[in-house]
Amino acid sequence: MIKSSDLPTISVLYLDKAIHATFHFVFTVLWFLFLKKKLDTSNSYKPLVVSFILSFFFGIAIELMQKFFTTTRSADIIDELANLTGATLAVVAIVVLNKCSSIVDRI
């Protein structure tokens with residue numbers, strides 16, 4: 001039988017940052033798809049930039065609200081870097097997908 005103390009531990013710090021990045025990846029992709037459809041444009045550049053900026057400033061707003069409006073949470077610049085990483089990965093994924101298969105142009 002294995003003792004629980006012998007099991008490897010996963011740092012909650014890294015899991016938290018992965019969740020931040022994943023959330024902003026999905027957030028950016030969804031905003032991009034929404035804006036691409038709403039703007040009804042063949043150019044993907046504008047909805048991509050706007051969705052990235054929305055994700056970035058939303059992340060900053062959440063961190064500032066945690067700092068100034070809660071007593072149980074605190075702002076963390078590393079959280080914002082994780083948010084930025086997720087949004088950046090979303091932009092890269094969209095650009096690469098479009099280059100490889102032009103799927104974005106067909107939306």
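What you are looking at is a predicted structure, and each value in this text was computed from that prediction instead of being measured.
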What is the distance from atom NE2 of H20 to atom CG of L15, rounded to the nearest 0.5 Å?
-> 10.0 Å
Would you find a donor on one side and an acceptor on the other, under 3.5 Å apart, between the side chain of E80 and the backbone of I60?
-> yes
According to a 4.5 Å side-chain heavy-atom criterion applied to Ile, Leu, Val, Met, Phe, Trp and Tyr, with indirect links allowed, do L64 and F57 form part of one hydrophobic cluster?
-> yes
Hydrophobic cluster membership, V92 vs F25, 4.5 Å side-chain cutoff | no
Here the pair of heavy atoms bringing G59 nearest to N83 is CA-ND2, 3.6 Å
What distance do F32 atom CZ and L54 atom CG have between them, rounded to the nearest 0.5 Å?
-> 13.0 Å
With rounding to the nearest 0.5 Å, note down the distance linking CG in D79 to CZ in R73.
-> 7.5 Å
Shortest non-hydrogen pair, W31 vs S51, comes out as CB-CB, 3.7 Å
Verify same cluster id: V49, V96 (apolar side-chain graph, 4.5 Å) = no
Could you check whether the rings of F27 and F58 sit parallel, tilted or perpendicular, using 30° and 60° as the cut-offs?
-> parallel
Please report the shortest heavy-atom distance between L84 and F52, naming the atom on each side.
-> CD1-CZ, 3.5 Å
Between Q66 (side chain) and A75 (backbone), is there a donor-acceptor pair under 3.5 Å?
-> no
What pair of heavy atoms forms the shortest contact from E63 to D76, and how long is it?
-> OE1-N, 2.9 Å
